[in-house]
Amino acid sequence: MSKNKIKNNKNNKLSKTEIVVALWVIVFTALFFISGIFYDKMTGAEGLKNIIIATVLKTILAIICIVPIMIYGIKIIKITKTETSIVFVGNIFLTVIIQIIVFLLITQSFTNEQQRIKDRQAFTDWNISCQCISDLISDDYETFTANDISIDKYNRNLRVHGSSRHNYEYTATFYNGKTKVAEMQIGSDDEEYLKNLPYCFDTEITVYKKSGFLRSVKPSVDFGRNESYEHFFTISMNDNRITYEKNIDVNIENLTWSGFHENQNYDIHNSLFGINAEGEENYLDVSYMDNLCDEICLYGIIDGKYRRLSNIIVKK
């Protein structure tokens, strides 16, 4: 083999520096996206572990970024060692400052919403992670009763982790009536479950004392938010009357007896009649079912929309 071919083969081979840079990019990218997976679930013991793991991964990411800065900083310092003292000290100062900025930018980007809730400032991630460890060990928690929930999401701007839903931070606020009882940051998977909790029916929630994250959720009923409205009232047929019993204490506008043909779409616009069901006489004469319709239920306005608020009585 000629000398030129040998030289060309050597040129075609990757240098150690190129291999190290490639590995650096691969590891950094992999950790960046993997860390986002742990942000999906932030409730219960699994959620506490996810937060701790995410914090550790982000710290590793910060270190990975700092190492090249440190290496090149040392080279620059060696080169400028023979320069004036001001240049030498200035390079050391800039190198250290850049490392601190990079470290803080990466490690402080996770629990922003929890920071707002808990009113913490410096080293939020590690503060909360330490509290998560304490909660895992002690399992200390507070118990609340809630019957409504509000979920807000906040854009994380450029802090993207894995997919579009990671562009957001989620906050769950629990209410008992109009009183706020608890508030905490949740993950995107938690949001999917919590937004379907029953409305106006009691749910027992437990919240970790140290970290303030959600520990458990136990609804008192086995139906979700959309089905909740249909359980506000229970109607039954007694002799010649159809009567109702109120299951929850909530203000409803235009409570109305509504009649439908059999197997008709239960939409207020398809109702054959609407009779006021408010007041002391909470009953309807069975004759309406005998002569006008096959099925009867209650309708009313809640959350600004007409909804079915009871079970359905069917003509025998």
Side-chain angles (χ1 to χ4, degrees), residues 36-51 54 111 113-114 116-117 141-156 161-208 211-235 246-253 255 265-268 297-312:
I37 297 173
F38 295 97
Y39 300 164
D40 292 348
K41 184 173 178 58
M42 299 170 67
T43 61
E46 182 183 350
L48 296 180
K49 293 173 185 177
N50 287 343
I51 294 162
T111 46
E113 195 51 37
Q114 191 72 3
R116 183 184 70 80
I117 295 167
Y141 59 88
E142 296 177 287
T143 303
F144 303 95
T145 299
N147 52 32
D148 194 13
I149 183 173
S150 172
I151 297 178
D152 298 309
K153 62 181 182 180
Y154 301 82
N155 201 317
R156 294 173 63 92
H161 297 278
S163 66
S164 59
R165 66 178 178 172
H166 294 118
N167 292 342
Y168 297 95
E169 293 177 342
Y170 299 86
T171 302
T173 307
F174 290 89
Y175 297 89
N176 192 332
K178 294 183 179 180
T179 304
K180 182 170 75 172
V181 295
E183 184 182 27
M184 72 287 296
Q185 187 177 357
I186 59 172
S188 53
D189 285 353
D190 305 318
E191 186 253 358
E192 290 294 323
Y193 168 71
L194 293 176
K195 70 181 181 182
N196 193 42
L197 288 176
Y199 175 57
C200 285
F201 291 87
D202 287 348
T203 295
E204 181 187 272
I205 65 168
T206 58
V207 180
Y208 288 110
S211 64
F213 286 103
L214 187 63
R215 177 180 176 273
S216 67
V217 177
K218 295 180 181 178
S220 60
V221 292
D222 60 356
F223 45 79
R225 188 177 185 88
N226 292 334
E227 295 81 19
S228 297
Y229 304 104
E230 299 170 9
H231 294 268
F232 282 8
F233 296 87
T234 299
I235 62 175
K246 196 172 185 180
N247 298 322
I248 46 87
D249 184 18
V250 63
N251 292 325
I252 297 168
E253 298 179 28
L255 186 62
N265 182 25
Y266 296 107
D267 187 303
I268 190 65
C297 60
L298 286 171
Y299 262 83
I301 297 177
I302 189 165
D303 286 346
K305 184 178 180 181
Y306 262 110
R307 304 176 190 273
R308 177 161 70 89
L309 303 178
S310 74
N311 56 311
I312 301 167

Engineer: Looking at every heavy atom in both Thr203 and Pro198, which two are closest together, and how far apart are they?
Structural biologist: OG1-CG, 4.0 Å

Engineer: Taking all non-hydrogen atoms of both residues into account, name the closest pair between Ile302 and Phe232 and its distance.
Structural biologist: CD1-CE2, 3.3 Å

Engineer: What residues form a ring pair (Phe, Tyr, Trp, His ring centres under 6.0 Å) with Phe223, not counting sequence neighbours?
Structural biologist: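 Only Phe201, His231 meet the ring pair (Phe, Tyr, Trp, His ring centres under 6.0 Å) criterion with Phe223.
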
Engineer: Return the minimal non-hydrogen interatomic distance between Leu194 and Ala172, and the atom names on each side.
Structural biologist: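 So the two residues come closest at CD1-CB, 4.3 Å.
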
Engineer: Please determine whether side chain to side chain contact (heavy atoms under 4.5 Å, CB included) holds for the pair Tyr199 and Asp148, giving the CA-CA distance in whole Å, both sets of side-chain angles, and the decisive distance to 0.1 Å.
Structural biologist: CA-CA 5 Å; Tyr199 175 57; Asp148 194 13; 3.5 Å; yes

Engineer: Mind checking what makes side chain to side chain contact (heavy atoms under 4.5 Å, CB included) contact with Ile312, not counting sequence neighbours?
Structural biologist: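 Expected list: Tyr266, Glu295, Cys297, Arg308, Val314.
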
Engineer: Does atom NZ of Lys49 have more than 12 heavy-atom neighbours, drawn from other residues, nucleotides or ligands, at distances under 6.0 Å?
Structural biologist: no

Engineer: Show your working on salt bridge (charged side-chain N to carboxylate O under 4.0 Å, His left out) between Lys218 and Asp202 and close with a plain yes or no.
Structural biologist: CA-CA 9 Å; Lys218 295 180 181 178; Asp202 287 348; over 6 Å; no

Engineer: With rounding to the nearest 0.5 Å, note down the distance linking CZ in Arg307 to OH in Tyr229.
Structural biologist: 4.0 Å

Engineer: Considering non-hydrogen atoms only, spot the tightest contact between Val250 and Cys200 and give its length.
Structural biologist: CG2-SG, 4.0 Å

Engineer: Mind listing the closest non-hydrogen atom pair of Arg225 and Asp303 along with its distance?
Structural biologist: NH2-OD2, 4.3 Å

Engineer: Enter the distance from Leu214:CG to Leu48:CG here, rounded to the nearest 0.5 Å.
Structural biologist: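 That separation rounds to 10.0 Å.
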
Engineer: Over all heavy atoms of both residues, which pair between Val181 and Asn176 is shortest? Give the atoms and the distance, please.
Structural biologist: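 So the two residues come closest at CG1-CB, 3.9 Å.
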
Engineer: Look up atom OG in Ser310 and atom NZ in Lys246, then write down how far apart they are to the nearest 0.5 Å.
Structural biologist: 13.5 Å

